[in-house]
Amino acid sequence: MLSLADCAAVADRSLGRSARTASPAASRRSSTVSCELTDSVVDLQLRELAKAPSLRFHSSPTFGESAAELLDLSRDFSHHGSFDCDVSGELRRLASIPPDKAAPSAADSLTGEIEALMLEIGDIEEASIESVEPLVKACLEGLVSTSTDTKRTAAAAIRLLAKHRSDLRVLIGASEAIPLLVPLLKSTDPETQETAVTALLNLSLEEENQGPIMAAAAVKPLVYVLRTGTAVAKQNAACALLSLSMVEENRVTIGASGSIPPLVALLVGGTSRGKKDSLTTLYKLCSSRRNKERAVRAGAVSPLLVLAGDHGGGVAEKALVVLGSLATIPEGRKSIVDTGGMPVLVEAMEEGPSRGREFAVNALLQLCADSATNRGLLAREGAIPPLVALSQAGTSRAKQKAEKLLGYLREQRP
């Protein structure tokens, strides 16, 4: 195990290096309680996706889409919110403890020690590495305690330390806290589970920690949280998997670990944010053909079509992008058509916002590129007038795709 001094050296070398870390000026602003954490993570990951033009989506032989093109289509998935919202009820409780109440208790001195050290540090965003080292050491001891309260307190402290600062994420990751957090994902105490999964999410934002998280066999426990956790725990587990899926070789492992069915379930029964998180995670995982197949088998198409038709929920465009990805494989095309997706996509192309129309025509083009039958269905759905309108007044990419689809329909007439 590395010493905390070694960890501090690693952290010092990486300070300011992470592309996911706010600027020094931004990191000094006061933390506020809001609800943009997972949306912000989504935005950060999408910006990372846009930097990976070499990745390719599997597509039909006639009409292929590069990853770069589809990523460009999805660049407006969500606004770029602040990364300023990971303050749980547990952390608020710790922050509100008066100094005279922070002394170690007879029942559990380690819990009191962690709380006292947090109070002593004060503003974590301004704290030095040296001042944080004793707290990290106490948290490591707390994570192996027999007391659930102590484990939860230690995980909450790590969660807060890893919230904003890249150097502290590196410090914690090198301290071997990650393998001690992973077992807490299966805790029977919902608050402990939620705190642990959010701590791992925060740590996963540092690229250097993604390998250790995978090495700690965290994927299946994260999937367990997806199945059993609170609403917040589920959406943060989805975001942690999204962060891990930034490494291409992790995607098959994540898909093969049973993540896709609970992500699909989150599309149906999740909160508004949970649905957004699930959509973005599915989108990234479905860059792998095997995961596209898993998503289709898990019944993803039907809830995606429901969300694609919900123009007021803020998820329609995301759902259309994932449908476009699934439409690049034969199983996905068949499922979309068999589930009644053609009229939904035509309606989205006709009535949705400009970006939604672009995503819809992309999916329709995938459906019709190799299928005369689907072209006939599209024509019978009354798609020609909205296609003509889109070819004249859509975005540049939408115009190109609409013109190509109109060309297919002209070929179909004889």
Side-chain angles (χ1 to χ4, degrees), residues 56-70 72-74 283 286-309 316-317 319-352 354-414:
R56 296 284 172 179
F57 286 85
H58 295 283
S59 180
S60 64
T62 304
F63 182 72
E65 287 283 358
S66 70
E69 184 176 3
L70 288 177
D72 186 41
L73 283 175
S74 67
Y283 172 70
C286 286
S287 66
S288 158
R289 182 187 177 91
R290 289 291 303 276
N291 287 339
K292 288 184 176 75
E293 294 169 352
R294 291 182 176 111
V296 172
R297 289 198 300 269
V301 168
S302 180
L304 285 171
L305 290 172
V306 172
L307 295 174
E317 293 183 10
L320 288 167
V321 172
V322 180
L323 284 167
S325 178
L326 296 183
T328 61
I329 63 170
E331 300 92 331
R333 293 192 286 274
K334 183 177 187 304
S335 181
I336 291 170
V337 173
D338 291 350
T339 312
M342 195 74 76
V344 174
L345 293 172
V346 171
E347 181 182 350
M349 179 181 64
E350 186 172 15
E351 300 181 1
S354 59
R355 297 296 292 172
R357 295 180 187 186
E358 187 176 323
F359 301 150
V361 74
N362 172 67
L364 288 169
L365 189 53
Q366 297 278 20
L367 293 177
C368 296
D370 295 326
S371 174
T373 300
N374 289 349
R375 295 176 197 175
L377 289 173
L378 181 61
R380 288 194 290 275
E381 286 296 334
I384 293 178
L387 278 171
V388 171
L390 197 59
S391 69
Q392 297 172 349
T395 64
S396 59
R397 194 182 299 276
K399 288 179 181 179
Q400 295 172 2
K401 294 183 182 298
E403 289 169 359
K404 189 166 186 177
L405 195 46
L406 284 169
Y408 286 148
L409 295 180
R410 292 189 192 102
E411 296 172 4
Q412 186 80 357
R413 286 183 178 179

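Heads up: numbering here begins at 1 and tracks the sequence. Computed from heavy atoms alone, side chains included, the values below leave out hydrogens, waters and symmetry copies.
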Kindly give the heavy-atom pair with the smallest separation between Met342 and Leu378, and that separation in Å.
SD-CD1, 4.0 Å

Is Leu345 close to Leu320 at the side-chain level, that is, under 4.5 Å between some pair of heavy atoms?
yes

Distance, nearest 0.5 Å, that separates CZ of Phe359 from NZ of Lys401
11.0 Å

Any donor and acceptor pair, going by atom type alone, linking the side chain of Arg333 with main-chain N or O of Ala327 inside 3.5 Å?
yes

Without swapping roles, check the side chain of Lys292 against the backbone of Cys286 for a donor-acceptor pair under 3.5 Å.
yes

Yes or no on side chain to side chain contact (heavy atoms under 4.5 Å, CB included) for Arg397 and Arg355, after CA distance, side-chain angles and deciding distance?
CA-CA 10 Å; Arg397 194 182 299 276; Arg355 297 296 292 172; over 6 Å; no

What heavy-atom pair brings Ser391 and Ala402 nearest, and what distance separates the two atoms?
N-CB, 3.8 Å

Should the heavy atoms of other residues, nucleotides or ligands under 6.0 Å from NZ of Lys399 be counted, would the total exceed 12?
yes

Using every non-hydrogen atom in the two residues, find where Gly382 and Pro386 come nearest and quote the distance to one decimal.
O-CD, 3.3 Å

Going from OG on Ser371 to OH on Tyr408, what distance comes out if it is rounded to the nearest 0.5 angstrom?
11.5 Å

Is any side-chain heavy atom of Glu403 closer than 4.5 Å to one of Leu390?
no

Output the distance between atom CG (Asn291) and atom CZ (Arg297), rounded to the nearest 0.5 Å.
9.5 Å

For the student: nearest non-hydrogen atoms of Leu409 and Arg375, plus distance:
CD2-O, 3.5 Å

Looking at Leu323, Thr339, Val344, which hits side-chain contact (heavy atoms from CB on, under 4.5 Å) with Leu304?
Leu323

Does the side chain of Glu358 pick up a donor-acceptor pair with the side chain of Thr395 at under 3.5 Å?
yes

Spacing of SG belonging to Cys368 relative to NZ belonging to Lys404, to within rounding of 0.5 Å:
12.5 Å

Look only at the side chain of Thr328 and the backbone of Ser325, and say whether a donor-acceptor pair between them is shorter than 3.5 Å.
yes

Can you tell me how far CD of Glu350 sits from CG of Leu387, rounded to the nearest 0.5 angstrom?
10.0 Å

Examine distances only and state if a side-chain atom of Asn374 and a backbone atom of Leu367 form a donor-acceptor pair shorter than 3.5 Å.
yes

How long is the span from the CD1 atom in Ile329 to the CD atom in Gln366, to the nearest 0.5 Å?
11.0 Å

